[in-house]
Amino acid sequence: MTDSPSDPSPKSLAAFRAEVLAHYREHGRALPWRETHDAYEVLVSEVMLQQTQVSRVEPKYAEFLAAFPDIEALAAAPLAAVLEAWSGLGYNRRAVSLKRLAEVVVAEHGGAVPRDPVVLATLPGIGKATASAIVTYAFEALAPFIETNVRAAFLHHFFADADDVPDRDVLPIVEATWDRECPREWGYALMDYGTHLKRTLPNPSRRSRHHTRQSRFEGSDRQARGAFLRALVREGALTVDGLAEGAGIDPARAERLLGDLEREGFFVRESDGLWAVGA
DNA sequence: TTCCGGAGTT
DNA sequence: AACTCCGGAA
């Protein structure tokens, strides 16, 4: 990092809090998952929001909950139906994890989403940030976390001239400013402030040590995997050659990718050699 | 073409 | 610590 933060004074911490809250009062967003405390609904929204912008999650969220209204319904659903409801959101492993999570919560927690972020983070597809977000929004718990909007807000305000900033340096300030009385509203306020900064400035999160750029999509494994998934959800079952031809790739590469997808719990190879979406 | 983004694996 | 995973918008 080029410029390490001088220990922020209580006064500058208070000024930051005031600015974030003022922005929230004026420009806070009304979002569907902000109208519920239902832990399952909050959990679904947070998993969808992990790598996906609000504008893309918003329509899919209502659709998904209509199809799987509670965690028992999700646990009992065919994986193909869950993947179909997920289509368009990307990073489909999240859908597989979410379905497995529902099965675990129903089987081992009586259908109740755990209230302890440490327990939550042991569930499939839930890491530290998502676990903390869930208990913040569903249970009004005090659980400070760092994700991209939080990073943007704190890098902009406390690390204005710094580069390559590790979360280790950001976290103490995040914790010092976190609202003890209304952590849920504070979380919303931080999200909206961070989003606002990214709309109006070069994304401050690019100055995080943890910022990375993606590899190109065209011709990638990701593109082929997405094509396989859409084909199998639509057709039910296909041969390797059928899948390879549909995706415009050679059969050897298709075979390798199908093996990956099988290990990740997407697909099964049936006795007749056809590939299908798993259970 | 460039942009965005948390979890899991290794 | 480095790498993979998606799709749509700008």
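Convention: sequence-line order gives letters A, B, ...; per-chain numbering from 1. Since the structure is predicted, the reported quantities are computational estimates derived from the model, not experimental observations.
- Atom P of nucleotide dG8(C) and atom CD of Gln53(A) are separated by 12 Å, given to the nearest angstrom.
- Of the residues in residues 122-154 of chain A, those placing a heavy atom less than 4.0 Å from an atom of DNA chain B are Leu123(A), Pro124(A), Gly125(A), Ile126(A), Gly127(A), Lys128(A), Ala129(A), Thr130(A), Glu147(A), Thr148(A), Arg151(A), in numerical order.
- Under the salt bridge (Lys or Arg N to Asp or Glu O under 4.0 Å) criterion, the residue pairs touching residues 25-35 of chain A are Arg29(A)-Asp192(A), Arg34(A)-Asp192(A), with sequence neighbours excluded.
- Close to dC3(B), at under 4.0 Å from its OP1 or OP2, lies no side-chain N or O of Lys198(A).
- Residue-to-nucleotide proximity on DNA chain C shows that, of Thr212(A) and Ala227(A), the 5′-proximal contact is made by Thr212(A).
- Taking atom P on both dG5(B) and dA10(C), the two are 15 Å apart, rounded to the nearest angstrom.
- Considering only residues two or more places apart in sequence or on other chains, Arg207(A) meets the salt bridge (charged side-chain N to carboxylate O under 4.0 Å, His left out) condition with none of them.
- For the pair Phe217(A) CZ and dA9(C) P, the computed distance is 13 Å after rounding to whole Å.
- Residues from residues 81-93 of chain A lying near DNA chain B, meaning a heavy-atom separation below 4.0 Å, are Tyr91(A) in numerical order.
- Taking the six-membered ring where tryptophan is involved, the planes of Tyr188(A) and Tyr137(A) are essentially parallel, since the angle between them stays under 30° and well short of 60°.
- Identified under the salt bridge (Lys or Arg N to Asp or Glu O under 4.0 Å) test for residues 50-73 of chain A, with sequence neighbours left out: Lys60(A)-Glu63(A).
- Of the candidate nucleotides dT1(B), dC6(C), dT2(B), dT2(B) has the atom nearest to the side chain of Arg213(A).
- Contacts of Thr52(A) classified as side chain to side chain donor-acceptor pair (under 3.5 Å), with partners at least two apart in sequence or in another chain: Arg94(A).
- Using a 4.0 Å heavy-atom cutoff across all strands shown, Arg230(A) reaches sugar-phosphate atoms only and no base atom.
- Of the possible donor and acceptor atoms, one in the side chain of Glu147(A) sits under 3.5 Å from a partner among the backbone N and O of Val150(A).
- Within the 4.5 Å cutoff, the side chain of Asp167(A) has heavy atoms near those of the Ser208(A) side chain.
- Applying the 3.5 Å distance criterion, the base of dG7(C) shares a donor-acceptor pair with the side chain of Arg56(A).
- Rounding to whole angstrom units, CD of residue Glu264(A) and C1' of dA7(B) are separated by 12 Å.
- Here Arg94(A) lies out of heavy-atom contact (under 4.0 Å) with every strand.
- The two atoms that bring Thr130(A) and Gln50(A) nearest to each other are OG1-NE2, 3.0 Å, heavy atoms only.
- Trp186(A) carries Arg17(A) over the face of its six-membered ring, with the cationic atom under 6.0 Å from the centre and within 45° of the normal.
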